[in-house]
Amino acid sequence: MKLILAVLCKEDKYDTIEALNKNGFFVTELATTGGFLKHKNTTLLIGIENDQTDEVLQILKEQASHRKTVKYTSTHLESGNICPAANCAVPVTVEMGGCTVFVLSMETLAKF
Ligand code: 2BA
């Protein structure tokens, strides 16, 4: 058996947990904080059989890995106010996601 610890961006947690649950995996979510940047992140605990490891890693890759995305942001006037015209949103490419995964060998999974 394995215990997977996956540290991911909290923005990715909903889709990741949903995908894991849909595929039959049990997940415990912990609210955690990165020791370096002090950003809030999410750590998932996932207890699985050995032969399920690749499937879980694949789901984590699909849902939470580093990627680029386009966000639309309002342009600000020199005064600092947001432009009132609706068509002022400009596309900006931003980096998001990222997942650090620890796969631990586990002796027992007991439920009482
Ligand atoms: P990542 O390496 O992608 O790590 C993202 C978060 O995953 C980390 O947040 C931490 O919560 C967890 N994590 C990663 N590797 C770990 C490990 N070996 N053991 C335990 N937890 C681990 P932060 O600690 O806030 O780090 C955010 C980012 O800052 C890291 O992104 C890395 O790019 C950089 N970083 C972290 N520690 C560093 C260090 N000692 N020196 C230089 N850069 C560091």
Side-chain angles (χ1 to χ4, degrees):
M1 301 184 80
K2 302 281 187 201
L3 175 63
I4 295 192
L5 301 184
V7 185
L8 44 98
C9 292
K10 63 187 172 95
E11 291 77 14
D12 287 334
K13 73 177 181 179
Y14 298 106
D15 289 348
T16 305
I17 292 171
E18 190 183 337
L20 288 163
N21 285 163
K22 268 191 187 156
N23 286 278
F25 297 107
F26 288 61
V27 180
T28 296
E29 171 198 336
L30 304 175
T32 47
T33 304
F36 192 66
L37 296 182
K38 313 294 181 202
H39 289 169
K40 303 274 183 223
N41 51 31
T42 295
T43 299
L44 304 182
L45 309 187
I46 311 156
I48 55 169
E49 299 297 336
N50 290 340
D51 63 1
Q52 295 174 312
T53 306
D54 289 345
E55 190 183 350
V56 170
L57 293 181
Q58 185 58 34
I59 292 170
L60 293 171
K61 260 189 206 162
E62 284 168 9
Q63 301 297 331
S65 59
H66 276 294
R67 60 204 182 272
K68 288 189 175 164
T69 188
V70 175
K71 296 239 178 214
Y72 287 85
T73 180
S74 301
T75 50
H76 286 72
L77 302 173
E78 276 183 26
S79 63
N81 294 327
I82 292 175
C83 178
N87 59 359
C88 278
V90 290
V92 180
T93 303
V94 293
E95 297 262 356
M96 64 178 295
C99 185
T100 301
V101 183
F102 305 83
V103 181
L104 287 71
S105 293
M106 178 171 58
E107 213 160 278
T108 314
L109 192 167
K111 298 187 185 188
F112 302 104

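First listed ligand is number 1; within each ligand, the first listed atom is number 1. Note that the numbering runs from 1 along the sequence shown for the chain. Computed from a predicted model, the values in this text were never measured in an experiment.
The list of side chain to side chain donor-acceptor pair (under 3.5 Å) pairs with a residue in residues 42-54, not counting sequence neighbours, reads Thr32-Thr43. For the salt bridge (Lys or Arg N to Asp or Glu O under 4.0 Å) condition, the pairs that include at least one residue of residues 6-24, sequence neighbours left out, are Asp12-Arg67, Lys13-Glu29, Glu18-Lys22. Applying the salt bridge (Lys or Arg N to Asp or Glu O under 4.0 Å) definition to pairs two or more places apart or across chains, none involves residues 101-112.
Side-chain contact between Asn21 and Val27 is present, with at least one heavy-atom pair separated by less than 4.5 Å.
Closest heavy-atom contact between Phe25 and Ile46: CB-CG2, 4.3 Å.
Screening Glu62, Glu55, Lys61 for a side-chain hydrogen bond (donor to acceptor under 3.5 Å, both in side chains) with Gln58, the sole residue that qualifies is Glu62.
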Sub-3.5 Å pairs, protein N or O with ligand 1 N or O:
{"residue": "ligand 1", "atom": "11 (O)", "partner": "Asn41", "partner atom": "ND2", "Å": "3.2"}
{"residue": "ligand 1", "atom": "24 (O)", "partner": "Gly35", "partner atom": "N", "Å": "3.2"}
{"residue": "ligand 1", "atom": "24 (O)", "partner": "Phe36", "partner atom": "N", "Å": "3.0"}
{"residue": "ligand 1", "atom": "25 (O)", "partner": "Phe36", "partner atom": "N", "Å": "3.3"}
{"residue": "ligand 1", "atom": "25 (O)", "partner": "Leu37", "partner atom": "N", "Å": "2.8"}

